[in-house]
Amino acid sequence: MSDSDGKKTLGLRGGSHSGNVKQSFSHGRTKNVVVETKRKRVVVPKQGAGKSSGGGSARTGDPSRRPAGISDAEMERRLKALQAAKAREVEEAREREAEERRRAEERERLRAEKEQKEREQREAEERARAKAEEEERRRAEEEAAAKRAAAAAAAAAEQPAERKADGARGGAAKQAPASAQQPVQRKSEREREQQARTPRSKTRDEGRRSGKLTLNQALTGGEGGRQRSMAAMKRKQERARQKAMGTQEREKIIREVQLPETIVVSELANRMAERVADVVKALMNMGMMVTQNQSIDADTAELIIEEFGHKVVRVSDADVEDVIQHEADKPEDLQPRPPVITIMGHVDHGKTSLLDAIRNTSVTTGEAGGITQHIGAYQVKTDSGAVLTFLDTPGHAAFTSMRSRGAQVTDIVVLVVAADDSVMPQTIEAINHAKAAGVPMIVAINKVDKPEANPDKVRTELLQYEVVVEKMSGEVQDVEVSAITGQGLDNLLEAIALQAEILELKANPKRAAEGAVIEAQLDVGRGPVATVLVQNGTLRQGDIFVVGEQYGKVRALVNDKGDRVQEAGPSVPVEVLGLNGTPEAGDVLNVVDTEAQAREIAEYRENLAKEKRAAAGAATTLEQLMKKAKDDENVSELPVLVKADVQGSAEAIVQALEKVGNDEVRVRVLHSGVGAITETDIGLAEASGAPVIGFNVRANAPARSAANQKGVEIRYYSVIYDLVDDVKAAASGLLSNEIRENFIGYAQIKEVFKVSNVGKVAGCLVTEGVARRSAGVRLLRDNVVIHEGTLKTLKRFKDEVAEVQSGQECGMAFENYDDIRPGDVIEIFEREEVERNLD
Ligand code: GDP
């Protein structure tokens with residue numbers, strides 16, 4: 001015990017307050033336990049705390065343990081203050097609680113009040129709206145009724161549907177109030193909105209349709225959290241009214257619809273002033289699945305027009321051309337215009353040299369620009385100030401082809417005859433052409449610089465062909481010139497100017513332009529380009545025109561100096577950009593008012609030409625058949641169709657092919673043109689059993705599939721010699737084996753990268769077949785071949801590969817060629833030996 005006592009003293013600072021307790025356990029065991037009263041800080045002491053026996057208070061009460069200098073009284077005072085503070089705290093907490101409760105109650109009350117107010121407001125608004133609806137409805141009904149009276153038939157169809165709709169809506173509205181009468185209490189805004197919105201819209205319909213408005217319905221409307229604006233209501237009303245009125249109006253306006261033999265669906269809709277979608281739907285109902293861009297025949301269109309209640313006015317296809325102005329110009333509008341000169345003569349007599357010499361004279365004499373651009377024609381100014389327009393396409397083909405197409409462009413023919421030679425076959429041809437066209441001639445006796453030149457011999461010889469020159473006392477001017485030394489050139493120009501004066505050439509610059517195509521080609525960068533010689537009127541940028549079977553809107557005009565110009569007057573040659581396709585030399589250009597007119601005329605002409613060609617093709621096939629049947633030894637024909645990249649090569653090929661042939665076989669060019677091989681070409685080729693020859697051009701996708709379908713052979717060439725050789729061999733029946741190309745794939749260039757050490761690399765997608773590293777490749781831009789060669793690299797991701805399959809992407813670079821652009825197509829081909837088979 002003493003031990004424990006000692007321990008106790010050590011362990012407890014208030015030793016006297018601890019004591020021993022004897023604990024007794026079962027089985028008679030006992031244990032003495034030292035009981036220690038745990039010290040506790042007491043905030044609120046009991047009375048006479050100083051003498052209390054509690055350990056804690058003992059400590060505070062024990063003077064020896066008090067902080068120095070604090071008396072009992074002080075202690076007491078402090079305790080009291082503490083106690084008071086505590087009491088205050090408790091009181092304050094209680095007050096706060098009460099305040100809180102009061103505020104919550106206040107909030108609750110305010111909310112309730114606000115809701116009540118809102119509800120009232122909504123009810124009022126709904127009542128007003130319902131009233132407005134009622135009025136609207138009544139007005140609409142009155143109007144509709146008036147209309148109905150006017151057009152009873154339509155109304156009869158309309159009404160049952162309306163009544164049916166009424167019934168359906170009425171049913172929905174009956175349910176509405178029940179579901180709408182939700183208690184408004186403390187629901188989240190959204191919840192309330194959702195519940196209220198659906199029935200409310202039903203109610204609105206109900207309100208309009210039934211014409212009655214119950215308080216329930218009005219209240220239901222008021223339940224909605226979000227307000228529908230009056231404007232929205234009005235809009236809806238307006239829409240409904242317009243719908244009702246629209247049906248009536250359509251009945252009233254009966255249009256006269258001009259109907260050509262075929263018409264594009266959208267144009268038909270346009271002419272009837274109906275919606276395209278409605279027309280397409282009507283066609284669909286008739287079992288015709290067409291889009292708005294497709295053409296339908298007149299009979300179908302007539303049914304549609306009648307269905308829409310309009311009147312059909314059938315017009316002949318040819319009538320579409322009527323929009324082109326043909327009336328004569330008033331004399332006061334006419335103004336002098338420069339003459340247009342064509343130089344003709346035998347080959348090697350110096351036509352080209354003379355044209356160059358004339359052009360250079362004008363350049364050296366300080367004309368604007370220094371570098372002339374070859375656009376097929378140019379203008380020069382003589383020393384006396386006269387302006388002359390020269391056609392830069394020597395040769396008779398251009399002259400005759402133009403004339404045959406109705407474009408009489410030339411005013412004056414300069415007949416070139418070499419003084420060291422004599423009148424030759426083509427000289428005679430030229431004389432005949434000029435005479436046939438009724439165009440005055442001027443004889444240029446060329447090469448007078450040559451020692452052996454004998455101009456008088458030429459003059460005499462010309463007499464035989466009824467060309468009597470001035471020196472022989474005739475009417476025809478004759479000038480001795482030298483294209484090489486420039487001798488006599490001024491005289492020649494003045495002679496032309498004089499002739500022009502006699503002709504009194506005039507035109508009206510104020511009217512819509514009319515012109516003739518001198519040259520046309522598919523330019524890689526600029527698209528189809530035509531050099532047009534304006535013959536009358538003024539062609540301006542932005543003008544809409546039709547030219548042959550093509551049409552367009554003038555995007556830009558470029559003159560013979562290569563400058564962009566805004567307009568071109570009579571006798572001015574300009575390059576015209578903005579065509580939809582490549583026209584042909586000799587095609588006539590006419591400016592019209594609208595693009596629709598232009599398109600219509602172009603389409604009409606295209607169809608006409610197609611029919612003509614088909615008829616011609618069929619006729620020759622028949623002819624051939626008859627010939628063969630009659631006599632096998634007769635000359636047979638090998639018909640071909642030629643498409644080339646430029647007019648020049650087309651003409652050269654046609655000329656070369658027409659020379660091909662012997663006693664048994666002759667080549668006949670059915671048609672030749674510029675640009676990609678199209679479906680039309682395939683159609684024509686099929687009709688005549690002819691192969692299509694593409695020179696640096698390709699068939700477009702529809703043409704390719706048409707050719708496959710119809711079994712038309714398309715052959716591509718890039719060297720005229722090869723082409724002619726092949727045709728020659730086929731014509732003479734030499735069907736030996738040959739090396740032939742097979743297309744194994746096509747790839748589309750998506751992107752072009754610059755890679756150091758490699759150059760430009762094309763990021764491609766193989767669209768057809770396969771790309772093979774070892775194969776030959778061609779670069780096609782707008783279906784025109786612009787490069788042929790081999791591949792430097794074929795990469796799939798980072799690796800060089802031998803082949804890339806269709807649908808995969810790859811990188812390609814050409815050997816020694818860099819001008820690649822996104823959008824270009826790479827044609828991959830291989831050569832193989834096959835049996836010859838041309839027709
Ligand atoms: P084209 O076939 O009628 O266009 O004739 P070219 O203009 O090509 O000329 C044929 C050849 O005659 C060329 O070699 C010219 O250099 C030459 N030539 C043309 N005009 C003259 C000339 O006035 N004097 C001489 N000496 N040679 C000429």
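Every number for a ligand or one of its atoms is a count from 1 in the order of the listing.
Close approach to Ser353 involves these atoms of ligand 1, each under 4.0 Å from a residue heavy atom: 6 (P), 7 (O), 9 (O), 15 (C), 19 (C), 20 (N). Atoms of ligand 1 found under 4.0 Å from any heavy atom of Lys450 (numbered from 1 in listed order, with element): 26 (N). Of all atoms in ligand 1, numbered sequentially from 1 with element shown, those under 4.0 Å from a heavy atom of Ala483 are 20 (N), 22 (C), 23 (O). With ligand atoms numbered from 1 in the order given, ligand 1 contributes 1 (P), 2 (O), 3 (O), 5 (O), 10 (C), 12 (O) to contacts under 4.0 Å with heavy atoms of Asp348. Proximity to Asp449 (heavy-atom distance under 4.0 Å) selects the following atoms of ligand 1: 22 (C), 23 (O), 24 (N), 25 (C), 26 (N). Here is the list of ligand 1 atoms found below 4.0 Å of a heavy atom in His346: 3 (O). Ligand 1 places these atoms under 4.0 Å from at least one heavy atom of Val347: 2 (O).
Checked by distance only, ligand 1 and Gly350 come closer than 3.5 Å through their nitrogen or oxygen atoms. Between Thr352 and ligand 1, an N or O atom pair is found at a separation short of 3.5 Å.
Annotation: Glu475, atom CD; neighbour count of heavy atoms from other residues, nucleotides and ligands within 6.0 Å does not exceed 12.
Residues satisfying the ring-ring contact (aromatic ring centres under 6.0 Å, His included) test with Phe390, not counting sequence neighbours, are Tyr378. With sequence neighbours excluded, no residue satisfies ring-ring contact (aromatic ring centres under 6.0 Å, His included) with Phe695.
Contact record, Pro573 with Gln379: CD-CG, 3.7 Å, taken as the closest heavy-atom pair. Summarising the geometry of Leu354 relative to Ala444, their closest heavy-atom pair is CD2-CB, 4.2 Å, with the distance given to 0.1 Å.
Paired with Arg337 under the rule side chain to side chain donor-acceptor pair (under 3.5 Å), one option of Asn508, Asp411, Asn536 passes, and it is Asp411.
Ring planes of His787 and Tyr817: parallel class, angle under 30° (limits at 30 and 60°).
Contacts with ligand 1 closer than 4.0 Å are made by heavy atoms of both the backbone and the side chain of Ile484.
For atom 1 (P) of ligand 1, the choice among Lys447, Met344, Lys351 with the nearest heavy atom turns out to be Lys351.
Checking side-chain atoms of Asn446 against main-chain N and O of Ala483 turns up a donor-acceptor pair under 3.5 Å.
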